[in-house]
Amino acid sequence: MNELAPISREDRVEKLKGLGHSRKRVEDVRFTQGKGNYVDDLKLPSMLYGDFVRSPYAHARVTSIDKSAALALPGVVAVLTAEDLAPLNLHWMPTLAGDKQMVLADGKVLFQGQEVAFVVANDRYVAADAVDLVVVEYEELPVVTDPFKALEPDAPVLREDLAGQTSGAHGERRHHNHIFLWEVGDKQATEEVIASAEVVAEEMVYYHRTHPCPLETCGCVASMDAVNGKLTIHGTFQAPHVVRTVASLLSGIEEHKIRVISPDIGGGFGNKVGVYPGYVCAIVASIVTGKPVKWIEDRMENLTATAFARDYWMKGRIAATKDGRITALSCHVTADHGAFDACADPTKFPAGFFSIVTGSYDIPVAYVGVDGVYTNKAPGGVAYRCSFRVTEAAYLIERMIEVLAIELGMDAAEVRAKNFIRKDQFPYQSALGWEYDSGDYHTAWNKALKAVGYEDLRREQAERVEAFKRGETRKLIGIGLTHFTEIVGAGPVKNCDILGMGMFDSCEIRIHPTGSAIARLGTISQGQGHATTFAQILASEIGLPADSITIEEGDTDTAPYGLGTYGSRSTPVAGAATAMAGRKIRAKAQMIAAYLLEVHDGDLEWDVDRFVVKGAPERFKTMAEIAYASYNQAIPGLEPGLEAVSYYDPPNMTYPFGAYVCVMEIDVDTGVADIRQFYALDDCGTRINPMIIEGQVHGGLTEAFAIAMGQEIAYDEIGNVKNATLMDFFLPTAWETPHYVTDFTETPSPHHPIGAKGVGESPNVGGVPAFSNAVHDAFRVFGLKQAHMPHDHWRIWKIAHDLGLHG
Amino acid sequence: MIPAAFEYHRPSDIASALATLREFGDEARVVAGGHSLIPMMKLRMASIGHLIDLQDIADLKGIRIDGNTVRIGAMVTQQELIDDAALTRAAPLLRETALQIADPQVRAVGTIGGNVANGDPGNDMPAVMQCLDATFTLTGPSGTRDVKARDFYEAAYVTARADEEILTAVSFTVSGGGHAYEKQKRKIGDYATAAAAVMLQKDGTACSAASIAMTNLSDVPVWSKAAADALVGTACNPADIGSAVAAALADISPTADNRGPVEFKRHVAGVIIRRAIERAWSRA
Amino acid sequence: MKKMQLTLTVNGEAHELLAEPRELLIHVLREKLNLTGPHIGCETSHCGACTVDMNGRSVKSCTVFAAQANGAAITTIEGLGSPGALHPLQEAFREHHGLQCGFCTPGMITRAHRLLQENPNPSEEDIRFGMAGNLCRCTGYQNIVKAILAAAAEMNAVKEAAE
C-alpha cells in the first residue's frame, strides 16, 4: 500500500540516514550505560582462570621448572609447560609471517616477559598466587637488543631452532639472526640516478618501537563443550574467522566445531590481530579440564609481550635536480622483528606495504630493501593504527622531503607542491609497483596552506628566530607539514592473503517481511562504529532506513567468512561487499516490483527507497512493500524471500590522502613543546558519516601525538623493558592533548562501489610526520637535519643542547 | 596484577593502630590513601602480612589554623587541601602544589601524610614541607615526638620514622610572602622531572627571608640553605637568582631515568628553580 | 585466606557479601555484584576506566581494596540514568560522539558526573584538567569535552527551570 500523504523526496532521503548523514551511533546506547559486553565481562559456569609465569630475562636457558608447590596450592587445577604441550604439538605455533613462535618456553627464553608456564586455577587470585610458586631456573645468555649488533658475525645465536636453515618463508637468510631481505624496485637504475644527481640528501631515520596499547588488553574465554565436541572461543579478535581457521589447523578440531566470537572490543589498533600464546593455552586448558578457561592479560603483559609496532631503522637517500624535482628515492630498512617473526602482514609482503614509500610524489625511479632481523625483544610488528608498515613509509618520505628541502635551501611546502602526482596522472603507476586510484593533491595542499595562513606563519617564525637571537625569548616556533598518501583496503586476493586466506570480505543481508533487515559482515568493530555506518551504506543502497537495519559482526557461526578489521580495510572491502550485496537485493526487488506493478523490469527506475514506473511517478513500490511481497506472494520465476550475500574481492587498494599542518611552540631550555594549532585535511573519498570521520581523525591524531612526542617501548642493554606501565608509557590525557581543526576534500575512489576509501588510520599515518616535522622545523634554521623520535622533553632539549642553544 | 593475601585491620584510634603495628612488627604496614602502596602490592614488589587502614581514625583528620600555626592531620587528602579556603589564604603553596600532584581521582584519596611519610623521592609534598620548615609529628609506643621535615629524609624510602611509629600530623608556621611550586613533568600523573618549592619574603626592595627545596632531584627531597642564603639581602636580580640557582644545583644529585639523563635533569632543574624564584618574588 | 563480611551500598542498594581483604573493589563490583560497567585498563591507577563514585568522591576502584570500601556508598555507571531516562551526560556523549570503543566511557561519564557536581559551570580548560585522570585511546578527548560542556548546560537549564 502506498503512503496516503506523499512525502517529499528530501524527506525520504533524510529518513534513510544514509551516506553523508552524521547519524548518531547505535552502539552508544549500551556503551553509555555500562552495558557493553567485553570479553572480561563474560562469566561462564565453572569457569577457570589462566595466568602466565613469564621470563624475567631477555635471553636465557630454562634449566628446570618445578611446579609442585603451585600444584599443591588449593584451587590450582593445572600448570602447563612446553613439555605438556609438546605431545599435542602445540608448544610452538605458526606466526602470521611464516615463522613459528614458542607458545611456552621450549628450552630457552628469547625476550623479557616470554611465556614460560600457564597456571590454571578456579580463581584469578589463586592463579596469581600460583604463578609466584612456580620455580623456574634460568641460565642467562648474552642479550642482543640492537638489530645492527645482531647481524655482526659473532652475535649470539638467538633462534637455535633455525640452525642450518639458510632460507625462510621470505627467501634467503644470510646470518643466524637474519630473517629475510625483501626488495622492490630497480636498484641499479636508482643507484645510477643518485650517483649522477645534482642534489642528494641522505639520512638515517628511526621510527622507534611502540605499542598499540588499547585500553582493553587482550584476552579470551575458551570453552570446550565435551558433550557436543564444540569449542567456543570468545576473545579480543580483530579477525575472528582467521582465528577460527588457525584454531582448527592447530587443534585438529574441524572448523564447523569451532565457534569464535568477538564481543565488544575495547580498542584494537592492531594489537588484537595476532594469535597469542594466551589464546592457545586457554584453549588447551579448556580441552584438558573440560571447563571454560578465561585468560586476560594485565597491562604489563600487554606492553611487554603482545604485539609491538614499528622499530624500523630506515636509511633514506633522495635525489633531485637543483630546482627541486625529485629524480630518485632509495631506502634500506633494518627491521627489528624481535625474537620471532610474528608481524601481521599479508603473506607475500614481509614488510607490508612499505613500498608506498614514494608517498604523494611523482618519483621516476625507486628502490626499497628491507632486512628483517631477530633480537631479544618481544615479537609483533603490527600495523598500529595504520595499514601494514604504511606509517613507517609515510614518515620516511615526509622526513626525506624535509631533509631535501634543507639541502636545496627551499621551502618544504614548495618542494612538495613541485613533486606531487598531478590530478591528471591518476590512475598513477608508482615506481614501486602500485596503482594509485585517485587523488587531487594540489587542491588539498593549497586548501591546507591557505587555511592555516602559511605565509604568515613563516613570517612569524622568522621574526621569532630573530627575537630568540636577540635574547628576547627562549621559545621557537616549528611548522610541521605533511602530505601523506596511504594504501589501505587489503586487498586483492591475487596478491593479498593471510596464511593462504584471500583478503576479500563479505556481507550477508536478510530483509525481513515488514521492511527491516539484518546484515552480517566478516569484519569486527573495535570502536569504529560499524553498526552505524554499514547500515548507512545499506540504507542508501536498498532504501530502508538505517535505523531499521541491524548490523551484526564477530560471530563466526552466523557471519560470513571475512578477514576482519585492521589496515583500514573495513570500509574499502567489507563496505564494498555491503554495497554489492545491497545491489543484489535491489536487483531482485526490481523484478518483484515489476511483477507487482505489471510492467517490464526495464520500465522501472530506482528512486531513494522505491521503484517507480518511468514517466508515471504515482506508480511505485517501496522497498518495504517489495519485502513484504517477496515473502507473501507467489511470484512466477522467483524464489520467495529477499536475501543476498556478497564476497568482495577488491580490484585494487584505495589510496586515501591528506594534508596536515602542525604549529608548535618549543621551550628550548626545558624541551617542552606546546601544540598551538593542528589542522588536518583528510580525503577519504566518499564520506559515509562525517561525524564518525571527524571522531576517527581526532583519535588517530592523538595517537600520532603520543607516538611522536613520547610514546615508546624501550629496552635497556640487558633486555629489560623500560616502559611497562602507564606511568612511563606515554598515553596523553585530555590536558596534554591538543585541539584539532579538521577539514576535507572528497575525491572518490573510482573502483569502490560507493567511492569510499577508509579513514581510521590516515590521521596516525599523517599525524606522526606532522608532529615530528614541526619539532625539526623549529630547529632547521640552527642546522638540525634529523633527530629521532619520540620527541619527549629530554630529546628536544638535547637537540637544542647539541646545536649550542644553551650557551 | 593481583596482590598477595594479607590480614586487614581498621582501628578507630591511634592507640589501637600502634598496638597492631607493634604486634605484627615488620609484617605490618599502615595505609592511608594507598595510591603508592597498593600498586606496589599489586606488582608484588611490596609484601605485607597485615595492612592497617587509618581511615577511621578521627584524630588524623582535619586542618587547624591557629594564628600563625597550621596543623594538618595526616589523613587529610590532597583534594581537601585544595578545597580548604582558609588554608589557601594562610599557605597558598599547598594548594598550588596539590594541584600538580597526580590526577583528580588520586587526589581524592591521596593524603598529605602518605605523601610525606613513605619517602618516595618523587612525591611533591616533602620538598614543600622542607620549604615551609614544617614539623612532622610521629606517634609511637613511647609517645609522641616531632621531627623537622628537613631532618626526616635519610634515603629513598628511608626516613626518621621508626617502624612502630605513625606519622600523625604535619605542622608549620605561616610566614607570608611570595610562594611558588614549579614542576616539570611529562604528563598529568607523572612524577617531576624537576620541581622546586620556593618561599620568599620581601622587605622594601630586598629579600628578607628565603627558602628553597627541590623534588625528585636526589634520592631525598633537598632543602638548599645555600640557595636561600644567596637571595637574602638581594633584590633578586637575575644575577642574584643565578647565584641561588648555582647554589641549589650544587646540592642535588639527580639520577637518570625514563625522563632523561642527569645532564638534562640538572639543566631543567636550573630552569625550574629560576622560574620558581621569579614567580615567588613576583608574589612577595 | 579468610574472607571478611563486607557491607556496601551500591547504586542505592545495600549488599552484604564475603570477600578476601585483598580483593580489589573493581573485582568485587564486576564479579560479585555483576556490575561490569566499570572496566580494568591499566591496574596502576593511571587510566581511570575503573572510576566509580565512593562516598561522594571519584576513585579508581582498581586501587581500592574491598576491605577499605567496607561501609561505603558507591555509585557506578549503572547507577546513572536508566534505559528510559538516560542521564544528560549519557545523552550528551552520544549526541557529541564522545565515545568510540566504549571501554573508557563508563569511567569517563562517572568521573564527569562528579566533576559537574564539584563545578557545575566548567570551562573547557576546567574539563580537560578535571578529566585528566581518565584516559581515552579513541576520541582524542575533543568530543568528550564538548559532550561534558553540553551536559553541563543541559543540567543547569533543567535546574534553572525547576527553580
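Throughout, protein chains are lettered first and strands after them, A, B, ... in sequence-line order, and every chain is numbered starting at 1.
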[X] [atom1] to [Y] [atom2] distance, which is reported to the nearest 0.5 Å:
X        : Y        : atom1 : atom2 : value
A/Trp735 : C/Glu125 : CH2   : CD    : 4.0 Å
C/Phe93  : A/Thr32  : CZ    : OG1   : 9.5 Å
A/Glu27  : C/Thr105 : CD    : OG1   : 11.5 Å
A/Thr737 : C/Ile144 : OG1   : CD1   : 9.5 Å
A/Phe269 : C/Cys138 : CZ    : SG    : 4.0 Å
C/Cys42  : A/Asn302 : SG    : CG    : 11.5 Å

Determine, stepwise, if the pair C/Cys47 / A/Leu726 fulfils side-chain contact (heavy atoms from CB on, under 4.5 Å). CA-CA 8 Å; C/Cys47 81; A/Leu726 296 195; 4.2 Å; yes

Kindly indicate, with the supporting measurements, whether the criterion side-chain contact (heavy atoms from CB on, under 4.5 Å) is fulfilled by A/Tyr125 and C/Leu24. CA-CA 10 Å; A/Tyr125 285 73; C/Leu24 298 161; 3.8 Å; yes

So for [X], is it side chain, backbone, both, or neither that comes closer than 4.5 Å to the heavy atoms of chain C?
X        : value
A/Pro763 : neither
A/Gln696 : both
A/Met727 : both

Passes ring pair (Phe, Tyr, Trp, His ring centres under 6.0 Å), C/Tyr141 versus A/His698? Steps please. CA-CA 8 Å; C/Tyr141 304 104; A/His698 289 169; over 10 Å; no

Part of [X] lying under 4.5 Å from any heavy atom of chain A:
X        : result
C/Glu43  : side chain
C/Pro83  : both
C/Ile109 : side chain
C/His87  : neither
C/Thr76  : neither
C/Glu91  : neither

Please determine whether a side-chain nitrogen of the Lys or Arg among C/Glu31 and A/Arg124 lies less than 4.0 Å from a carboxylate oxygen of the Asp or Glu. yes

Exercise: identify the closest heavy-atom pair between C/His97 and A/Ile692: NE2-CA, 3.7 Å

Can you name the closest pair of heavy atoms from C/Pro106 and A/Gly34 and give their distance? CG-CA, 4.0 Å

Taking C-beta and beyond as the side chain, do [X] and [Y] meet within less than 4.5 Å on heavy atoms?
X        : Y        : result
C/Ile40  : A/Glu216 : no
A/Gln33  : C/Ile77  : no
A/His739 : C/Val145 : no
A/Lys35  : C/Glu78  : yes
A/Asp40  : C/Arg30  : yes
C/His39  : A/Asp41  : yes

With distance as the sole test, does C/Arg137 use its side chain to make a donor-acceptor pair with the main-chain N or O of A/Gly267 at under 3.5 Å? no

I need the residue from A/Val29, A/Thr702, A/Leu215 with the largest number of non-hydrogen atom pairs under 4.5 Å to chain C. A/Leu215

Between chain C and each of A/Ala734, A/Gly699, A/Pro738, A/Pro212, count heavy-atom pairs under 4.5 Å; write down the option with the most. A/Ala734

Sorted by number, residues from residues 524-533 of chain A in contact with chain C (heavy atoms, under 4.5 Å): A/Gln526, A/Gly527

Worked check of side-chain contact (heavy atoms from CB on, under 4.5 Å) between A/Arg25 and C/Gln100: CA-CA 9 Å; A/Arg25 301 197 334 158; C/Gln100 290 179 26; 4.3 Å; yes

Any chance you could lay out the side-chain contact (heavy atoms from CB on, under 4.5 Å) test for A/Arg299 and C/Thr44, step after step, and finish with the verdict? CA-CA 9 Å; A/Arg299 181 55 63 193; C/Thr44 51; over 6 Å; no

